[in-house]
Amino acid sequence: MEEQIVQEDIVKAAQEEAEKAEGSRALYEVKMKFLGRAGIVTAMLKKMKEIAPEERPSFGKKVNAIREKLEQDFAAAEARVKQRELAAKLESESLDVTMPGKRQKKGALHPVTRVKNELVDIFAGMGFEIFEGPEIENDYYNFTALNTPADHPARDMQDTFYLSEEYLLRTQTSAGQIRFMEEHRPPIKMLSPGRVFRSDDDATHSPMFHQMEGLVVDKNVTLCDLQGMLDEFARTMFSSSSKTRLRPSYFPFTEPSVEVDVSCHACGGKGCPLCKGTGWIEVLGAGMVNRRVLENCGIDPDEYTGFAFGMGIERIAMLKYGINNIKLLTENDVRFLEQFKD
Ligand code: PHE
C-alpha cells in the first residue's frame, strides 16, 4: 500500500513537470530527472540493497512498472511538444501572399551603350566584323598613314591631346582602319567602336566621346554602296522613312569625302527646331578611301576601292532621344538614366 502511494506520486509529479516543460529541450531535462542514469528511478533501484531479500522481487516489479509508465508518459509528452513546435514553426514561416512585394530595381543600359549595341547589330547584320584598336595611338596610325602628314593643315581640325612627340590619345577611330588593313586583305568589312579624345568642350562636344568607324574594301566598291548601307542604317536607327543626303566635304583620308545628312526624324523633313528648319540633320562623315591610304597599307588602289564612315555615338544618341546637352551622358544622374529602361 505504501509502495502504491509512492508510485502514484512519482508518476503524477513527472506528468506535472512534463506538462510545464516548454519545448523539447526542457522536456528532455525532465525526462532525465526521472529516467536518466542519475535519475529518480535509478536511485530507487539502488535502494534494492537496503530492502529485505524477500521483498525485493515485488519491489523490483513495482519500480519496473513505474519506469514503464513513465516511459509511456514521456513518449506521449514528446509527441505533444513536437506537434506544438511544428505548428509554431509553420505559423512563423507562413507567407502572406496578399502583402505587397519588395520591388527589385532593375538597371538599364546607358544610352551610349544602347546606341552602340544597335549600331553593331545593324552592321553585323550586313556582315561587318568588329575590330577594336588602342586608345593610346601613335602619330603614324592616327595621322600620317591616314594621309595627314605632320605639316598638314587638317591636323588643326582636331585638337589633339599629345602624350609625347610620338604618342597621343586617338582623335578618331579611323586609326583602326590602318591597323586592320595592315593585318587583313580585301574583301574587308570592318566596324570599329571606341573612345576618342579631343580638346573640345561645350554642350555638344566632350573631351572624350565615342565613335563608330566603318570600312569596306573590295573590288568595285562605289559611293552608291556606301549610301545604300547608310540608308539602311538610317531607317533602322531613326525611322522607317528616313533618307540620307550626301554633301561634299573634306577628309584627308577619303576622296571624294562627304558629310552625310539624315532626313529629320522629328518632323519628317518639313523643318522643325531639331533640324533648325532645314529638314536635314548632319550625322556622320564618310567617303571613298583615299588611294594613298590603301597604298600605305599595301593594298593596290587600281584593283581595290573602298569606303569608310565615322560617326559620333553620343551625337546619334542625342538625336535619337532628344538629349540637348552631352554632359547629361557623363553625369550619370539616375533620374536621367532611368528614362532609358526598356
Ligand atoms: N574620322 C573622321 C572624324 O573623326 C570621320 C570619318 C571617318 C570621315 C571615316 C570619313 C571616313 O571626323
Side-chain angles (χ1 to χ4, degrees), residues 112 116 119 123 128 130-135 137 139-149 152-161 168-181 188-200 202 204-218 221-230 233 244-262 281-294 296-297 299 301 304-316 318-319 326:
V112 168
K116 182 189 122 187
L119 286 167
F123 288 103
F128 281 71
I130 306 288
F131 171 77
E132 284 183 55
E135 290 174 6
E137 260 303 0
D139 195 273
Y140 177 75
Y141 288 103
N142 197 80
F143 289 123
T144 311
L146 286 164
N147 196 32
T148 322
H152 199 290
R155 286 205 179 199
D156 294 343
M157 281 162 74
Q158 303 174 356
D159 295 304
T160 310
F161 289 115
L168 47 87
L169 296 177
R170 69 174 172 197
T171 60
Q172 48 189 357
T173 44
S174 302
Q177 288 185 28
I178 307 299
R179 288 189 179 274
F180 196 85
M181 283 192 280
I188 285 171
K189 264 184 170 178
M190 175 216 82
L191 192 66
S192 187
R195 265 190 279 229
V196 297
F197 307 83
R198 292 180 197 177
S199 174
D200 214 352
D202 61 34
T204 54
H205 296 88
S206 153
M208 185 283 290
F209 63 103
H210 297 77
Q211 278 189 336
M212 182 70 79
E213 188 86 9
L215 173 71
V216 173
V217 183
D218 202 353
V221 174
T222 69
L223 204 62
C224 280
D225 298 321
L226 167 69
Q227 190 165 21
M229 278 193 184
L230 293 177
F233 145 74
T244 61
R245 174 175 88 169
L246 308 186
R247 273 184 296 113
S249 184
Y250 175 77
F251 298 103
F253 36 91
T254 46
E255 182 56 39
S257 300
V258 293
E259 212 65 70
V260 181
D261 296 343
V262 174
I281 297 174
E282 186 184 314
V283 172
L284 62 120
M288 299 305 292
V289 180
N290 191 307
R291 38 188 304 132
R292 291 222 191 140
V293 174
L294 294 175
N296 287 342
C297 301
I299 294 174
Y304 295 103
T305 53
F307 64 74
F309 59 84
M311 56 184 100
I313 301 181
E314 279 81 353
R315 172 151 176 83
I316 294 188
M318 289 171 77
L319 289 170
I326 197 167

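Note that these values count all heavy atoms, side chains included, but never hydrogens, waters or copies made by symmetry. Whatever order the structure lists them in is the order used to number ligands and atoms, beginning at 1.
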Fill in: Donor-acceptor pair between Gln227 and Thr244 side chains, under 3.5 angstrom
yes
Item to complete: Could you tell me whether Gln177 and ligand 1 have an N or O pair separated by under 3.5 Å?
Response: no
Discussion item. Would Gln211 count as a polar contact of ligand 1, with the cut-off being nitrogen or oxygen pairs under 3.5 Å?
Written reply: yes
Worksheet entry | Numbered atoms and elements of ligand 1 in range of Gln172, under 4.0 angstrom, heavy atoms | 1 (N), 2 (C), 4 (O)
Worksheet item: Salt bridge or not for Arg179 and Glu137, using N-O below 4.0 Å?
Response: yes
Worksheet entry | Donor + acceptor pair across side chains of Asp200, Ser206 (<3.5 Å) | no
Discussion item. Polar contacts were defined as any N/O atom of the residue lying under 3.5 Å from an N/O atom of the ligand; does this apply to Glu213 and ligand 1?
Written reply: no
Worksheet item: Would one find an N or O of Thr171, backbone or side chain, under 3.5 Å from an N or O of ligand 1?
Response: no
Discussion item. Distance alone, cut at 3.5 Å: any donor-acceptor contact between the side chains of Gln211 and Gln172?
Written reply: no
Practice prompt. Report the part of Ser174 (side chain from C-beta onward, or backbone N, CA, C, O) that has a heavy atom under 4.0 Å from ligand 1; answer both or neither where that applies.
Written response: side chain
Worksheet item: Should Phe253 be listed as contacting ligand 1, given a heavy-atom distance under 4.0 Å as the test?
Response: yes
Worksheet item: What atoms of ligand 1 come closer than 4.0 angstrom to any heavy atom of Ala308?
Response: 9 (C), 11 (C)
Response to the item:
Any heavy atom of Arg198 under 4.0 Å from ligand 1? The part involved is side chain
Worksheet item: Would Ser192 and Glu213 count as having a side-chain donor-acceptor pair, cut-off 3.5 Å?
Response: no
Worksheet item: Does a side-chain N-to-carboxylate-O contact under 4.0 Å join Glu282 and Arg315?
Response: no
Practice prompt. Given ring pair (Phe, Tyr, Trp, His ring centres under 6.0 Å), test Phe123 with Phe309 step by step and report yes or no.
Written response: CA-CA 12 Å; Phe123 288 103; Phe309 59 84; 5.1 Å; yes
Worksheet item: For ligand 1, which atoms, with element, lie under 4.0 Å from some heavy atom of Gly285?
Response: 6 (C), 8 (C), 10 (C)
